[in-house]
Amino acid sequence: MSKRKILLLEPNYKNKYPPMGLMKIASYYRCRGDNVRFYKGDLKLFAAQLLFEDYFGSIDIGNSPIDKVIYNYIVKRGSSELVSYIKTGNKSFLKPIADFSEISADVEECTINDLLDVLSVYNKRNKTEDFPKFDRVCVTTLFTFYWKQNIATIEFAKKVCKKVKGVSVGGIAASLVPDYIEKETGIKPYVGLLDVPFAYDNDKKGDVIIDELPLDYSILDEIDYRYPTENAYFGYMTRGCTNRCSFCAVPKLEPDYCNFIGIKEKIEKIDECFGAKRDLLLMDNNVFASDCFDKIIDEIKDCGFEKGATYIPANEYDIAYRNLINGFNLGVWARKRVFNDRAYYRKLIQIYDEISERLDGKEKGDFYSKREELGLLYFETATKEAVETIHQFAKLLYDKHFKQNSRVRFIDFNQGLDGRLVTDKKMKKISETAIRPLRIAFDHWSMKKSYEKAVKTAIKYKINNLSNYLLYNFNDHPDELYERMRMNIELCDLGVTIYSFPMKYHPIDDPDYFRNRDYIGKPHWNRKFIRAIQAVLNSTHGKIGRGKTFFEAAFGKDIDEFHKILWMPEALIIQRYKYDIVKRREYYGDKPTPYDDVDERTSNITIEWWKKFNALTEKQRKKAEQIIIEHRFTDDDIDVSDKKVKEVLQFYQIKRDDTKKTEEKSE
C-alpha cells in the first residue's frame, strides 16, 4: 500500500497544552508508514503554503530560468513573499524577487510579468479553493465556546480532503455536542476516547488502541505556535471520576473510572525518541479516588519525579540531527524507525539561528556563509546531504555555546485533587514526589472545612506550594467567591503559598450558550459583576497570589468594599492596574511609587462616582442598577429622564484611557 497523506489540524485558539489526541493519532499513522502532517495557525496562510509547496515540488531549475531565479531567492531570502502573493494576489510581493534577479548571472532580466506567468496559476487556485488534497484529515476540538474556530477548521478540512468521508472530528467539543457539529458541518464526530481497537481507521492493522500509544512530540516542531507547557510529559494514570458533579463535563467525556494506567514505558519511549522532558503533567480528574494510589505514586517516583528530583535537559541538536537522518522508533506494532523530515528541518534551522545569535565576528560570518552555500538558511531548501555536510561544524558550535546544566523538575496533577478524599496517609505519600503545585479543588463554599483540612494536612507534610481552581458563576453567590479568595490569603499566613485561579462556569451543552461565553449564573450573578471580576483578574493574569495588600486593593478589604468594586465602572477598575500593580507592589511593598499619581487621579474620579452613586434614593438606585447589570452604556441605553441617575450612568461610558480627560474636565 502506498503512503497516505494524513493531515492533523488543531483550531487556531490559544491553549496551554498540546493536543494529546492528535499526538497519539500521529504515532498511529506514522507507524503505519503514512505521511503525517500537523498544522495549527492561520488556515488561509496554510492554504497558500500548501499551494507554494505544490509549485516548489514542480520547480525545474535546470530548464526554467525563472524557476531558477525563484529557487535562488528562496535559498537566500525564504518563501514568505511567494506565499503572501499566492494568498493575496498582491503583485508588490513579487517585486523583491524581480529586483533580486538583477544580481543573478543566470538571467538577463526577470520582470514581475515573468513571475506572474509562473505563479499566477497558484493565486487563482487559491481563489477557487483548489487546494492540494490529503487522504485523511483529523480535526481536534477543545471547548465549545471556541465554536467559530472549531467549525471553520472542520469546513477547511473538507476542502483539503480528497473525500468528505475522509474527515474525522474528535475531542472535547465533538464529544459534548456531536449533533450540533454534524448539523453545521455534515461530519459525524467521533465521540469519547480512542480506547478501542481501530477506532479511527477502517483499514485495520494489528490490535492497536490509539489511546494507549506514546505521544509523537515531533509534530510540535512543525508549527510556529508554542505551547507554554510543551517541555513536559503528558499523560493519565487514572481515567474518569467517581463524582458526578452537575457542572463538570468529565462524566460525559470519561464515564467509566479506571484505577490505574501505567506511564513508565511511555516515558521511557519519549526519552529514547525525543529526549528527557522537564515536568510531568498528569491530567487525571480524581487520582485520590484510586484504589491504586500508592502504586501510582511509586511509579511516578520510579519515573524520576521523586521529591527534590532534577534532570539534565536533552541535547536538542543531537536529537534533531539523529531523528532527521536516522528516524525514531516509537515502539508500537510496526517496530520500525519513522521519519518527520518537515519537523526536523524546521528544528535544525531554528537551532542554526540560535547558534548564530551567540556568535560574532568571523565565526558568525563563516557559519552564515556555510549555511547559505548549502541552502540551510531556510527549511524549504534544506536537504539531508546539506545537513550532514555542516553537521560537525554546527555540532561543535552548539556544544560550545549551549551547556546543559541540571535543572529542577516537578509533577503536577493539573486538573486538581479532591480535598474531601485527603487523608494523612495519602498526603504523606504524595509528599514523596516532586509535586509543585499541589492543586486542591475549592468549587464551592460548602467545601470550606474539607478544603481547609486538606491545606493544613499538606502543610503538615511540608507541601508548601499550593494552587486551586475556584468555580464561580454557577449556583454560587459573588460573596462566596470573595470568601474563598480571602480564605486562601489568610491560609498563606501558615507559611504556605497558594495561587488561586477563579474559573467562570460555562455550560457544556446548553444550546443557547455553549457556542459563546455569555452565560450568566442565576439568580446572583449578572453581566456587570462578571465583567468586574474579569477586569480585576486581567491585571493579575488570571491568578491571585499570597499578597494581602494587593488582594485587598484588588477585591476589597471586606464584603462592602467588594460590592463597591462589583458596581464600579469597568474603566475605573482597569485603570488602577494600568502599570501592573501586581509587579509594582511586589517591588515597592507599601512604599510610595512613581505611579501613585495615576492611582490618585483614578481615585478622584472613583470618589466622585461613589458619592453620586450613594446619593441616589432607593428608587433611583434600583433604576440605575437595572441598567448597570446589563453592562450596555450607549447614549440610548442611559437615556433616562432622571438627571441624577443619568449623571451616575455617564461614569460607565468612560473608556479605559479617558480617566485623565475626565479628571481634567472636573478641574
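- A donor-acceptor contact under 3.5 angstrom links the side chains of Q653 and D635, judged on distance only.
- Note that CG of N488 and CG of L470 are 6.0 Å apart. Values are rounded to the nearest 0.5 Å.
- Summarising the geometry, atom CD1 belonging to I435 is positioned 9.5 Å from atom CE belonging to M427; distances are rounded to the nearest 0.5 Å.
- For Y472 against I530, the heavy-atom pair with the smallest separation is CE1-CD1, 3.9 Å.
- Side-chain contact check for I300 versus F413: some heavy-atom pair is nearer than 4.5 Å.
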Fill in: Chi angles and distances behind the side chain to side chain contact (heavy atoms under 4.5 Å, CB included) call for D424, T457
CA-CA 7 Å; D424 272 67; T457 306; 4.2 Å; yes
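- Of all heavy-atom pairs between V496 and I463, the closest is CG2-O, 4.2 Å.
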Test ring-ring contact (aromatic ring centres under 6.0 Å, His included) on Y451 and F442; report intermediate values, then the result. CA-CA 7 Å; Y451 174 76; F442 196 4; 4.1 Å; yes
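- Residue D279 holds its CG atom at 9.0 Å from OG1 of T229, rounded to the nearest 0.5 Å.
- The closest donor-acceptor contact from the side chain of D637 to the backbone of T634 lies under 3.5 Å.
- Relative to the six-membered ring of Y225, K40 meets both conditions, a distance below 6.0 Å and an angle of at most 45° to the axis.
- With respect to the salt-bridge test (charged N to carboxylate O, under 4.0 angstrom), the residues E570 and R531 qualify.
- Annotation: Y180 is not in aromatic contact with W147 [ring centroid separation under 6.0 Å not met].
- The pair E354-R358 fails the salt-bridge criterion, with no side-chain N (NZ, NE, NH1 or NH2) lying under 4.0 Å from an Asp/Glu carboxylate O.
- Under a 3.5 Å cut-off, the side chain of R409 and the backbone N or O of R278 do form a donor-acceptor pair.
- Under the 3.5 Å distance criterion, the side-chain polar atoms of N473 are matched with a main-chain donor or acceptor of Y519.
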Practice item. For N414 and L282, run side chain to side chain contact (heavy atoms under 4.5 Å, CB included): C-alpha distance rounded to whole Å, both residues' side-chain angles, the deciding distance at 0.1 Å, then the answer. Key: CA-CA 6 Å; N414 194 264; L282 293 171; over 6 Å; no
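- For the pair K623/K619, no side-chain contact is recorded, criterion being any heavy-atom separation below 4.5 Å from C-beta on.
- Listed here is the closest heavy atom pair of K528 and I565: NZ-O, 4.1 Å.
- Checked by atom type and distance alone, the side chain of E222 pairs as donor or acceptor with a backbone atom of F38 at under 3.5 Å.
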Salt bridge (Lys or Arg N to Asp or Glu O under 4.0 Å), that's the test. Do E483 and K448 meet it? Break it down for me. CA-CA 10 Å; E483 294 294 354; K448 174 182 180 294; over 6 Å; no
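- The backbone N or O of R436 lies less than 3.5 Å from no partner atom in the side chain of R439, so there is not a single donor-acceptor pair.
- A salt bridge links R621 to E625: one of the charged nitrogens lies within less than 4.0 Å of a carboxylate oxygen.
- The shortest heavy-atom contact between A48 and K87 is CB-CB, 3.7 Å.
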Go through the steps to decide whether R515 and E184 satisfy the test side chain to side chain contact (heavy atoms under 4.5 Å, CB included), and finish with yes or no.
CA-CA 12 Å; R515 295 177 177 87; E184 289 205 28; 3.5 Å; yes
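- Residues F555 and I544 form a side-chain contact, since some pair of their non-hydrogen atoms from C-beta on lies under 4.5 Å apart.
- In this pair, Y17 and F234 present their aromatic rings perpendicular. The plane angle is above 60°, beyond the 30 to 60° band.
- With hydrogens and angles ignored, the 3.5 Å screen pairs no side-chain donor or acceptor of K612 with any backbone N or O of K644.
- Put simply, the side chain of E561 gets close to the backbone of K557: a donor and an acceptor are under 3.5 Å apart.
- Residues N286 and N243 have side chains in contact (heavy-atom distance under 4.5 Å, counting atoms from C-beta outward).
- Between Y513 and H506, a ring centre-to-centre spacing not shorter than 6.0 Å is recorded.
- Environment of NZ in K622: sparse, with no more than 12 heavy atoms of neighbouring residues, nucleotides or ligands closer than 6.0 Å.
- A pairwise comparison of heavy atoms in P19 and Y227 identifies CD-OH, 3.4 Å as the closest pair.
- Ring pair F474/W525: centre-to-centre distance not below 6.0 Å.
- R632 contributes no side-chain N or O that, together with a main-chain N or O of I629, makes up a donor-acceptor pair within less than 3.5 Å.
- Within 6.0 Å of the NZ atom in K429, the count of heavy atoms belonging to other residues, nucleotides or ligands exceeds 12.
- The closest side-chain heavy-atom distance from I638 to Q650 is below 4.5 Å.
- Residue L471 holds its CG atom at 8.5 Å from OH of Y505, rounded to the nearest 0.5 Å.
- For the residue pair N475 / H444, no side-chain donor-acceptor distance below 3.5 Å is found, with atom types taken as modelled.
- With a 4.5 Å cut-off on side-chain heavy atoms, N15 and Y146 do not count as touching.
- Counting heavy-atom neighbours within 6.0 Å of E618 CD, excluding the residue itself, gives a total of 12 or less.
- Judged by distance alone, the side chains of D284 and Q415 never bring a donor and an acceptor atom under 3.5 Å apart.
- Contacts of T144 classified as side-chain hydrogen bond (donor to acceptor under 3.5 Å, both in side chains), with partners at least two apart in sequence or in another chain: none.
- Between E254 and R239 there is a salt bridge, since a side-chain N of the basic residue sits under 4.0 Å from a carboxylate O of the acidic one.
- The structure places CG of L9 at 6.5 Å from OG1 of T153, a figure rounded to the nearest 0.5 Å.
- Residues W609 and I654 have side chains not in contact (no heavy-atom distance under 4.5 Å, counting atoms from C-beta outward).
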TODO: Could you walk me through whether D412 and L280 pass the side chain to side chain contact (heavy atoms under 4.5 Å, CB included) test, one step at a time?
DONE: CA-CA 6 Å; D412 179 6; L280 173 59; over 6 Å; no
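- Counting heavy atoms from C-beta on, the side chains of I430 and L417 come closer than 4.5 Å.
- Centroid-to-centroid, the aromatic rings of F288 and F293 come within less than 6.0 Å.
- When all heavy atoms are compared, the tightest approach of P189 to I181 is CG-CG2, 3.7 Å.
- Atom CG of L466 sits about 6.5 Å away from atom CD1 of I459, to the nearest 0.5 Å.
- Between F562 and Y482, the distance separating the two ring centers is shorter than 6.0 angstrom.
- The side-chain tip of K428 does not point at the ring of Y461 from less than 6.0 angstrom away and within 45° of straight on.
- Relative orientation of the F305 and Y233 rings is perpendicular, given thresholds of 30° and 60° on the angle between their planes.
- A distance-only check finds no donor-acceptor pair linking the side chain of R484 to the backbone of S500 [under 3.5 Å].
- Look at D42 and K44 and you find no salt bridge, because none of the NZ, NE, NH1 or NH2 atoms lies under 4.0 Å from a carboxylate O.
- Looking only at distances, no side-chain donor or acceptor of T310 sits under 3.5 Å from a matching main-chain atom of V408.
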